[in-house]
Every structure is written in structure tokens, then in C-alpha cells.
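Below: the structure, in C-alpha cells.
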Amino acid sequence: MLISTSDLNSLLNNSNVIIADTRSFKEYSEGHIPGAVHLDLFAFHWIDTTKQGIENFNNQTQNLLSFLGVTAEKKVVFYDIISGMLAARGVWMLMYFSHDNTSMLDGGITKWKKENLPLETKPNGFKPSKFKGKINPEIISGFEYIKDNLDKITILDVRSTGEYNGSTIRAAKSGHIPNAINIDWNQNINKDGTFKNNEEISKMYDYPKDSEIVTYCQGAYRAANSFLVLKKLGFKNVRVYLGSWGEWGNKLELPVEK
Ligand SMILES: O=S(=O)([O-])[S-]
């Protein structure tokens with residue numbers, strides 16, 4: 001799931017590798033990893049997890065991955081500024097389509113630049129494919145799944161303390177999903193932007209490895225980052241709640257705790 005700067009550097013010019021820069025277009029234009037295409041994953045924000053909403057998400061994600069040129073044979077590497085949430089969302093999306101040959105760049109472009117690795121400014125075009133992945137329903141959650149299993153699953157709110165306790169308001173209601181515990185995703189990352197090592201993080205995520213965990217944040221980007229960390233630690237049953245607080249906090253009938 002993670003690729004080092006030196007390993008990615010050795011894969012430049014490999015036609016079987018797609019590199020996707022998930023930062024803003026401005027940042028991309030000022031200098032990106034050679035060969036990388038720009039993919040605006042924030043524009044692909046999704047909060048509707050009704051049955052129809054998930055079906056639409058599946059279709060549109062498949063279209064997006066085809067636009068990116070994904071095929072079963074290609075390795076897909078996502079990066080952002082650090083080992084961040086956008087790249088993590090990209091990796092999670094590929095895993096959701098059972099494409100496991102995907103990684104995020106550990107330390108992101110910050111580490112890449114620090115090591116004086118090559119950059120270019122010219123934009124690269126997409127080479128679209130007809131990607132057909134097999135959906136893995138085990139790594140996604142909608143609001144119904146959480147509502148029906150509130151007492152059976154570990155709900156991991158990876159937002160800031162303010163968002164969790166309701167002092168920061170980002171939806172019609174503030175607070176958190178009942179029973180959710182709060183571990184801010186920022187705690188996954190070292191000061192240099194790389195992921196903390198497993199030994200350090202496992203103290204934070206001290207649950208049996210077969211626990212059923214659902215991560216959420218505001219829009220399922222930070223949640224994807226914590227999802228990857230939990231997978232890296234060997235947790236087997238982890239899902240990202242796609243709608244996250246953007247959906248839950250706006251559905252007035254759903255319960256909230258502060
Ligand atoms: O990470 S986020 O989706 O909450 S902005």
C-alpha cells in the first residue's frame with residue numbers, strides 16, 4: 001500500500017505504472033513527478049449512501065478509473081503533499097474495485113523534493129481504458145450499515161477534537177455518531193509527512209485484529225487515511241463510511257452524541 005520515494009523513482013518511465021498527483025492543479029503545474037497526471041479527487045466528493053447513491057458512486061468511480069487509464073495489469077500510485085488523505089482516498093477507491101496493485105507515496109511530494117528527485121512542469125494527458133473492477137463491498141459502509149450495527153462495531157471518528165465534540169460545526173447537526181471514539185488522523189503521520197511505523201501506531205489502535213471497524217470523517221478522505229493505517233497494522237475488517245459526517249450530520253433522523 002505504500003511506496004517509497006526511491007522505489008517510485010526507479011519506476012519512472014515505466015508504461016505499466018500510472019502516477020496520479022492528487023494535489024491542486026496549481027500545485028501540480030508548479031512541479032510534479034515526471035509522467036504524473038493530475039487527478040482532482042476532491043472534486044469527486046460523495047455523500048449519498050442510499051442504495052441508489054452507492055450504485056451511482058460505483059458507476060462514476062468506474063468511469064473515473066477508466067478515465068485515469070486503470071487496467072488490471074497497471075500499478076497505480078497516488079501522491080499528495082504528505083502521506084495524506086487525498087492519496088489515501090485514491091488507494092481506497094482502487095481497493096474498493098479489487099485492484100490491489102496500488103500504493104501511495106510515503107511522505108508525498110514533500111519527501112520527494114527534499115531528496116532532490118526529478119520534477120517536471122509540463123502537464124501529462126490521460127490514456128483512458130475500459131476498466132472493469134470487481135466491487136469489494138466489505139470495505140465500504142453506508143449510513144444504514146452503521147445505524148443497524150451501532151452496538152456491534154467500533155466506530156472510529158478521525159476528525160479533530162472540535163469536530164468530534166461538536167464545537168466545530170460542519171453540518172446541520174454537530175457532534176459525533178453515538179459510541180464513536182476519536183483518534184485524529186493526523187496522529188498517523190510523522191512530522192516529515194511519512195507514516196509512523198507500525199510499532200508506534202499500534203499503541204493507538206489497540207483493538208483485537210478481527211474487530212469490525214468503520215472509519216469516518218467529514219467526507220471520507222481523512223477516513224481513508226486511517227483505513228489504510230489500520231490495514232497496514234493487519235486489521236481485517238475495516239470499512240470507510242463514504243457519506244461520513246457530511247451525510248450523517250445532515251440526516252436529522254439519525255442519532256448524534258456530543
Ligand atoms: O477529510 S475530509 O473528507 O473530512 S475533508
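When a ligand or atom number is given, it counts from 1 through the structure's own listing order. The basis for the numbers below is simple: all heavy atoms, side chains too, and nothing from hydrogens, waters or symmetry mates.
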What atoms in ligand 1 come closer than 4.0 Å to a heavy atom of [X]?
{"X": "Ala220", "answer": "3 (O)"}
{"X": "Cys217", "answer": "1 (O), 2 (S), 3 (O), 4 (O)"}
{"X": "Met85", "answer": "1 (O)"}
{"X": "Gly219", "answer": "2 (S), 3 (O), 4 (O)"}

task = Over 60° means perpendicular and under 30° means parallel, so classify the ring planes of Phe25 and His38, tilted if in between.
result = perpendicular
inquiry  = As a test of understanding, state which of Lys258, Lys173, Arg222 forms a salt bridge (charged side-chain N to carboxylate O under 4.0 Å, His left out) with Glu163.
reply    = Arg222
ask   = Should Arg170 be counted as touching ligand 1, given the test is an N or O pair under 3.5 Å?
value =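 The answer is no, given that Arg170 and ligand 1 share no N or O pair closer than 3.5 Å.
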task = Check the surroundings of atom CG in Asn13: do more than 12 heavy atoms from other residues, nucleotides or ligands lie under 6.0 Å from it?
result =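 12 or below, so no.
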ask   = Can you check whether Phe57 and Trp46 have ring centres sitting under 6.0 Å from each other?
value =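 Under 6.0 Å, so yes.
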Distance, nearest 0.5 Å, that separates CG of Asn198 from OH of Tyr205 =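 Answer rounded to 0.5 Å: 11.5 Å.
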ask   = ligand 1 versus Ala223, non-hydrogen atoms closer than 4.0 Å: side chain, backbone, both, neither?
value =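 Answer for Ala223: neither.
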